[in-house]
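As the structure is a prediction and not an experimental result, all values here were calculated from the model.
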Amino acid sequence: MGEITHRSNNETYTFETPPADSTIEVLNEFYWTKESEPHVTRRKQILAKYPEVRKLTGYEPKTKWYIFGILILQFSVAYYLRNTSLFSFKFIALAYLIGATCNQAIFLAIHELSHNLLFKKPLHNKLFAIFTNMPIGIPYSASFQPYHQLHHKFLGDEYLDADLPTKFEGIFLSNVLGKVFFAIFQILFYALRPMFVTQIKFTYIHLLNIAYQVLVDYLMVHNWGGRSLGYFIMSSFLAGSLHPCAGHFIAEHYVLNENNTPRSGNSEKATANISKELLPEETYSYYGPLNRLTWNVGYHNEHHDFPYIAWTKLPELRRIAAEFYDPLPQVESWCGVIWWFCFSDINTLWNRVKRNGKEKHGYNVGIKLDVN
């Protein structure tokens, strides 16, 4: 048995890795690694060489004005469609072209808010996230923040990183039909999976998020009818389905195509821990035009290296530290990622880098984690 010691906030977590000759039931087919996630190391190296990067951190106040514009657009379209059949071509087309694009931007605006990148005070970010949540149609923002913080703090941890597919998903969805199903309904997997993986503490922010969203939904249905709310719900579903901007969900951390070399052509890798030399990259960046619609979320290595740099400054970070980011593998097309993921045999839900967790590795995931 090997051991990894991870230190964070004066707490030490020891992860025991299974023996290299463990059965596939123990190791699954994920990329199991003893190595700590790479972002902390790269952050330290960049700061050592370019201390001026520290000046890029901090909130971006102008983001809120863009959010207001998106909210106005979404409510305007919802009002316009109030008397339109949900399954008419016009309704679905507007929900896909405008609604899904806007709600993907809303999801990712809440992502910015989860890192406290709009206001100085964390509480103001939480409250504005509840306000921003309105076009999603269901309360989302309060739960997203603590789960997303765990994703950053414990990247790849099988019990604390709810972004990882579960073993159940890997077993039943790693075929063409399963992957297409996953791609179509992935927003539901991201919404429901966390509650099956770990728990977070229910706070007054969650209650406020629920109460405010229910009030908004009630007023919409009462004054405009259910079809307006249906526009919001359909927009949210399509935003996390077969939509170009939804490609970022898969592109960010799945080890796809030529990056999937450690297991490709080497059957021993399915039953052994991946060595540091063979360990694939586990975070991928995209620098294409869709970043303009998604708060530069494609700059994902940069974001994980420096979670407290706002979206407007991530291109500057990449420019300053180009020698750190240019050699990393990149994703050229989010649409292509969805296609390759679904229809290339080498790409499955197993293609994620994972680290061991749970109670035998030094922490108890049964406790309610308060990371607000």
Side-chain angles (χ1 to χ4, degrees), residues 63-114 128-144 148 180-193 209-210 212-251 289-295 297-298 311 334-335 337-338:
T63 305
K64 62 180 175 291
W65 303 117
Y66 293 118
I67 292 175
F68 279 125
I70 296 170
L71 294 178
I72 291 171
L73 177 58
Q74 278 294 76
F75 275 96
S76 298
V77 177
Y79 178 77
Y80 172 72
L81 293 175
R82 68 192 184 282
N83 296 319
T84 305
S85 172
L86 266 67
F87 299 105
S88 66
F89 175 79
K90 181 171 72 173
F91 194 102
I92 296 173
L94 289 178
Y96 185 84
L97 295 174
I98 297 178
T101 305
C102 286
N103 271 17
Q104 185 64 250
I106 290 296
F107 284 129
L108 293 170
I110 291 172
H111 169 254
E112 287 286 300
L113 285 155
S114 75
F128 196 78
I130 293 172
F131 174 75
T132 302
N133 191 115
M134 290 187 291
I136 295 176
I138 60 173
Y140 162 82
S141 64
S143 295
F144 174 78
H148 188 67
V180 171
F181 179 85
F182 177 83
I184 293 173
F185 295 99
Q186 61 178 314
I187 194 68
L188 300 181
F189 286 90
Y190 282 99
L192 300 175
R193 182 194 298 139
N209 187 194
I210 294 169
Y212 184 75
Q213 190 64 48
V214 169
L215 175 62
V216 171
D217 292 350
Y218 169 77
L219 292 175
M220 283 192 67
V221 172
H222 180 73
N223 292 289
W224 296 352
R227 291 171 180 174
S228 292
L229 178 58
Y231 168 74
F232 281 175
I233 300 299
M234 186 179 292
S235 296
S236 295
F237 173 77
L238 293 174
S241 186
L242 301 181
H243 188 278
C245 292
H248 82 89
F249 289 120
I250 297 172
L290 291 179
N291 277 304
R292 298 173 184 174
L293 302 175
T294 55
W295 316 99
V297 74
W311 64 280
W334 280 344
C335 292
V337 161
I338 297 174

Measure the [atom1]-[atom2] distance between [X] and [Y] for me, rounded to the nearest 0.5 Å.
{"X": "I67", "Y": "L113", "atom1": "CD1", "atom2": "CG", "answer": "5.0 Å"}
{"X": "D217", "Y": "S228", "atom1": "CG", "atom2": "OG", "answer": "11.0 Å"}
{"X": "C102", "Y": "I72", "atom1": "SG", "atom2": "CD1", "answer": "11.5 Å"}
{"X": "L229", "Y": "L219", "atom1": "CG", "atom2": "CG", "answer": "11.5 Å"}
{"X": "L71", "Y": "S76", "atom1": "CG", "atom2": "OG", "answer": "10.5 Å"}

Kindly write out the residues that satisfy side-chain contact (heavy atoms from CB on, under 4.5 Å) with [X], not counting sequence neighbours, or none if the list is empty.
{"X": "L293", "value": "T101, C245, L290"}
{"X": "A239", "value": "A100, N103, Q104, F107"}
{"X": "F68", "value": "W65, F128, F131"}
{"X": "N291", "value": "Y286, T294, N296, Y299, W334"}

task: Sequence neighbours left out, what passes salt bridge (charged side-chain N to carboxylate O under 4.0 Å, His left out) with R227? Give chain and number order.
output: none

On a heavy-atom basis, which atom in [X] and which in [Y] lie closest, and how many Å separate them?
{"X": "A109", "Y": "W295", "value": "N-NE1, 3.5 Å"}
{"X": "T84", "Y": "Y80", "value": "OG1-O, 4.2 Å"}
{"X": "A246", "Y": "S241", "value": "CB-O, 3.2 Å"}
{"X": "F232", "Y": "A78", "value": "CE2-CB, 3.8 Å"}
{"X": "I92", "Y": "L238", "value": "O-CD1, 4.4 Å"}
{"X": "G99", "Y": "S235", "value": "CA-OG, 3.2 Å"}

query: Hey, does the side chain of N133 reach the backbone of A129 with a donor-acceptor pair shorter than 3.5 angstrom?
result: no

message: Whether the side chain of S88 engages the backbone of S85 through a donor-acceptor N/O pair (distance < 3.5 Å, no angle test) should be reported.
response: yes

field: Distance-only polar pair, side chains of Q213 and N209, donor-acceptor under 3.5 Å
entry: no

Between Y231 and Q74, a side-chain donor and acceptor under 3.5 Å: yes

Could you list the residues that satisfy side-chain hydrogen bond (donor to acceptor under 3.5 Å, both in side chains) with [X], not counting sequence neighbours?
{"X": "T63", "result": "W311"}
{"X": "W224", "result": "none"}
{"X": "E112", "result": "none"}
{"X": "T132", "result": "none"}

Quick one: side chains of residues 182-192, donor-acceptor pairs under 3.5 Å with protein atoms, not counting sequence neighbours, listed by atom name and distance.
| from | atom 1 | to | atom 2 | distance (Å) |
| --- | --- | --- | --- | --- |
| Y190 | OH | F249 | O | 3.4 |

message: Set out, in order, the CA-CA distance, both residues' side-chain angles and the distance that settles side chain to side chain contact (heavy atoms under 4.5 Å, CB included) for I110 and I136, then state yes or no.
response: CA-CA 11 Å; I110 291 172; I136 295 176; 3.7 Å; yes

task: Could you check if a side-chain atom of F91 sits within less than 4.5 angstrom of a side-chain atom of M234, using non-hydrogen atoms only?
output: yes

- prompt: Can you list the residues that meet the ring pair (Phe, Tyr, Trp, His ring centres under 6.0 Å) rule with H148, with sequence neighbours excluded?
  reply: H111, H115, F144, H151, H152

